[in-house]
Number of protein chains: 2
Amino acid sequence: MTDQTFRPEARAPRGFADKRAATLRAERRIVEAVSRVYESWGFEPLDTGAFEYADALGKFLPDSDRPNEGVFALQDDDEQWMALRYDLTAPLARFAAQNWETLPKPYRRYAFGPVWRNEKPGPGRFREFIQCDADTVGSARPEADAEIIAMAAAGLKAAGLPEGGAVLKFSNRKILDGVLETAGVSDGRQKLIVLRALDKLDRLGREGVADLLGKGRLDESGAFTPGAELSAASAGLVLDFLDMAVAGAPLDQLANAAFAKAEVALEGFRELEAIVAALKGLGVDEASARFDPSIVRGLEYYTGAVFEADLQVETLDEKGKPIRFGSVGGGGRYDDLVARFTGERIPATGFSFGVSRLAAALKAAGREVAGENRGPVVVIAFDQSRMADYFAVAAELRTGGVPAEVYLGASGMKAQMKYADRRLSPAAVIIGEDEFAAGTATVKDLDLGRDLARGMTDNAAWRAERPGQQTVARADLVAVVRKIVDAAQ
Amino acid sequence: MTDQTFRPEARAPRGFADKRAATLRAERRIVEAVSRVYESWGFEPLDTGAFEYADALGKFLPDSDRPNEGVFALQDDDEQWMALRYDLTAPLARFAAQNWETLPKPYRRYAFGPVWRNEKPGPGRFREFIQCDADTVGSARPEADAEIIAMAAAGLKAAGLPEGGAVLKFSNRKILDGVLETAGVSDGRQKLIVLRALDKLDRLGREGVADLLGKGRLDESGAFTPGAELSAASAGLVLDFLDMAVAGAPLDQLANAAFAKAEVALEGFRELEAIVAALKGLGVDEASARFDPSIVRGLEYYTGAVFEADLQVETLDEKGKPIRFGSVGGGGRYDDLVARFTGERIPATGFSFGVSRLAAALKAAGREVAGENRGPVVVIAFDQSRMADYFAVAAELRTGGVPAEVYLGASGMKAQMKYADRRLSPAAVIIGEDEFAAGTATVKDLDLGRDLARGMTDNAAWRAERPGQQTVARADLVAVVRKIVDAAQ
């Protein structure tokens with residue numbers, strides 16, 4: 001094999017990242033904490049496969065020139081198109097439709113795992129990332145929405161956000177439906193353009209949104225996005241609503257506006273009132289979850305309540321400028337998604353957040369867990385004829401609850417100490433012929449070395465009670481090492 | 001959306017499974033327990049993406065007629081072929097080659113996650129499954145092999161196997177190399193056929209293996225597999241080795257055989273002796289890990305030690321016939337895999353096991369964790385105007401450490417009780433107008449109902465101290481429910 005002439009270049013595909021220990025541990029900690037919360041609220045795990053049939057994903061047969069538009073698709077042996085899931089909602093809708101008769105109803109499930117998007121990769125823009133979702137399928141009650149909102153808030157808190165670190169903002173798509181009805185907009189395409197324009201207010205500004213309600217918008221790059229071409233009067237009504245929403249108009253003020261007379265808007269207000277009452281019952285305060293009429297969510301499939309989790313964590317970038325993380329997730333009610341398969345309307349509501357994005361926010365907010373990424377204690381391979389003995393020492397340390405390994409490379413003492421330092425090992429254990437003969441072991445406190453290097457501790461003051469290196473009786477080894485490990489935690 | 005005419009059928013793609021709570025919890029428990037063990041041995045997590053470039057996987061550009069031979073492959077925008085990983089070893093080799101300069105050496109990592117194989121699906125044959133691997137890259141020492149063997153044994157035990165539930169059997173590919181050298185077999189293709197034939201001894205029997213060493217083998221279906229076409233004398237030497245291996249010849253007996261004079265075989269024996277010594281140092285007894293010359297492993301890329309984890313768990317199938325689970329994983333030393341990329345030989349060794357397969361074996365062996373799949377306590381939605389109050393009760397239970405939910409469907413009492421029973425809820429809480437007025441709550445012990453139904457408890461004897469239904473003061477509710485929950489655990 002080594003004499004081959006073709007050598008592939010070792011590189012990960014574009015837009016796919018290798019995740020190492022620190023990243024993985026942070027992401028797993030989030031997923032585990034959130035899973036515990038979701039389970040305690042009565043949600044059970046579900047894992048569907050990576051692939052769905054393309055028709056089940058709501059994509060139609062891709063044309064042969066661009067079979068991968070937006071998704072990673074391929075044709076199976078039997079000619080059917082399959083695609084890697086691009087979210088966890090579409091597979092849930094398929095699963096619920098397929099198993100509806102035998103599921104306990106309402107069906108409450110959570111899920112986490114990778115999703116794939118075939119988009120142009122770039123710095124920080126990946127084509128594979130981890131999502132974490134919770135959904136209730138089979139309940140039309142606004143209380144089901146409230147529960148998802150409250151649970152999402154509890155989950156984010158459990159993941160490590162500080163008090164007030166995230167707020168769940170919610171509204172109801174039916175209010176916007178009322179606005180559009182009052183404005184005389186009934187065309188599906190126009191509605192969708194309005195929806196997406198409002199959802200992008202943060203990025204486009206009021207003027208950009210206004211352009212998109214009218215003829216369209218030319219962006220800085222010269223690209224033109226066609227608008228909804230509403231009449232001036234209709235666009236005016238939508239912008240009036242937008243202004244009220246941005247001003248954070250409370251529920252009762254909105255309920256007195258012109259558009260609020262539409263039956264669908266009234267229904268939206270009733271649902272919002274039930275959500276507010278349920279949140280109160282759950283003991284969720286306004287700092288954690290509150291009505292915000294500016295929330296619309298860009299996805300067409302929402303039919304009622306919509307919500308968004310906004311991070312309130314503010315941090316500084318390398319240049320000292322504050323960064324706001326903004327939305328880390330969102331969701332809403334989608335009563336028609338299962339009906340795509342069955343024709344029968346099955347109400348559903350759910351919340352989804354990006355695990356990597358939350359991990360990045362927690363890291364930026366300094367919420368990393370101390371000691372999470374420390375390495376094992378390294379038993380130095382000092383004498384090659386004593387490897388079995390070193391293994392016995394490492395086994396003894398592990399039995400004593402201390403992660404430990406024997407150095408297994410081919411290098412000498414100096415390189416071994418460097419290795420232990422790079423692994424962020426708390427300590428190294430050295431046993432040479434003298435120590436074996438005397439029944440002792442030498443322990444080097446590497447944490448101390450790092451603390452000294454960082455100026456976090458004073459050499460002279462510590463030296464007495466925290467020796468950098470000490471020779472101890474073999475029988476005391478585990479206890480001494482434990483003390484060093486525990487001191488740093 | 002509901003008025004569309006096209007309705008896709010709701011079905012998962014062939015060979016992909018939806019995993020529900022019981023399966024997922026069992027698999028996650030395994031992965032978490034094994035991860036803890038691997039971390040304590042100094043291995044750090046790594047997660048590479050789902051895709052690799054096809055050339056990095058060791059597959060060459062698939063021909064256009066069958067682009068998916070064995071893997072799920074597709075062409076990226078820039079014309080490069082990518083394929084979903086079919087194991088976790090190939091991505092590790094790519095990662096190690098790509099990052100070798102900056103990694104601590106030896107690099108010790110573990111990984112778990114799905115792998116994909118584009119094979120013909122069938123009952124129990126999936127095209128996506130979870131593997132869990134641990135590897136040391138950059139150590140040529142036999143002690144690194146010993147460590148992997150011992151750690152694999154510790155991991156399987158931590159996953160829930162009973163004492164003696166698995167044995168790690170190991171040998172060294174170099175012994176077989178010595179046999180082949182002595183037999184005058186040097187052709188790569190012939191060697192590979194011999195290797196695969198020996199690896200399939202269990203399935204083919206001695207005669208089937210002998211056929212494959214010679215002209216070839218006709219199986220029951222009439223399909224012909226070409227043989228290695230060894231001479232009678234050469235085949236005889238290989239079969240002599242096979243007979244000794246099957247008889248479980250110890251290391252010193254093999255070392256006296258004719259083929260043992262080959263230099264490569266001597267090297268194999270020296271390595272095996274070092275492995276045995278290291279295992280002794282680690283306190284691993286022969287019941288957990290032992291030399292077994294019949295282990296060869298079918299993969300071409302192994303260059304030294306090879307090992308296999310055999311489950312000793314025996315259970316009965318539905319017809320009362322004993323099932324042996326056999327191999328749940330394996331591995332070995334592969335010193336040439338990273339060199340595919342770099343040309344530089346980087347020694348490596350590792351172990352991989354199938355998580356679903358181990359979960360199935362644990363289940364068959366009755367090693368499921370009691371109570372793992374119980375549902376939440378269900379607060380019955382008795383009075384529609386009291387939903388916010390029911391939410392407060394559920395929140396109170398959760399705060400008290402009891403998973404709980406409010407029923408959010410539209411059905412009446414009877415269906416709600418049935419729902420709670422289907423969720424395997426330990427208890428249901430009923431609060432109607434009378435209870436609200438009196439400041440009480442009614443608790444129904446659903447565990448008791450299930451125990452009675454299974455004949456696991458006696459109605460009369462229990463009734464006194466474990467009432468099926470009781471009305472308690474609201475202030476005592478959490479304590480009473482906790483008692484029911486704890487009683488069953």
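As a basis for the values below, the full set of heavy atoms in this structure was taken, side chains included, without hydrogen atoms, waters or symmetry mates. The chains referred to below are lettered A, B, ... by the order of the sequence lines, with proteins before strands, and numbering in each begins at 1. All values derive from a computational prediction rather than experimental measurement.
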At a 4.5 Å cut-off on heavy atoms, which part of [X] comes close to chain A: side chain, backbone, both, or neither?
X      : value
B:L103 : both
B:F129 : neither
B:R423 : side chain
B:Q416 : neither
B:E128 : side chain
B:A12  : both
B:Y419 : side chain
B:L84  : side chain
B:K280 : neither

message = For the residue pair A:T349 / A:D145, report whether a side-chain donor-acceptor contact shorter than 3.5 Å exists.
response =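 Yes.
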
What's the separation between atom [atom1] in [X] and atom [atom2] in [Y], rounded to the nearest 0.5 Å?
X      : Y      : atom1 : atom2 : value
B:F126 : B:R14  : CZ    : CZ    : 13.5 Å
B:M151 : B:I148 : CE    : CD1   : 4.5 Å
B:N118 : B:F72  : CG    : CZ    : 4.0 Å

Which bit of [X] comes within less than 4.5 Å of chain B, counting heavy atoms only: side chain, backbone, both or neither?
X      : value
A:Y38  : neither
A:V406 : backbone
A:D78  : both

request  = Mind checking side-chain contact (heavy atoms from CB on, under 4.5 Å) for B:A97 and listing every partner two or more places apart, or none if nothing turns up?
outcome  = A:A10, B:V338, B:F341, B:T342

key: Which of B:A50, B:A277, B:P114 touches chain A most, by non-hydrogen pairs under 4.5 Å   =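 Of the candidates given, the most pairs with chain A belong to B:A50.
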
message = For the interface with chain A, which of B:R398, B:K19, B:E44, B:R422 has the highest count of heavy-atom pairs at distances below 4.5 Å?
response = B:R398

inquiry  = Do A:Q98 and B:D18 have side chains that approach each other closer than 4.5 Å (heavy atoms only, starting at C-beta)?
reply    =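 A side-chain contact exists here, since the closest heavy-atom pair is under 4.5 Å.
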
ask   = So does B:R108 pair up with B:E39, basic N to acidic O under 4.0 Å?
value =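 No, no charged N to carboxylate O under 4.0 Å.
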
task = Search all heavy atoms of A:L408 against all heavy atoms of B:A144 and return the closest pair with its distance.
result = CD1-CA, 3.6 Å

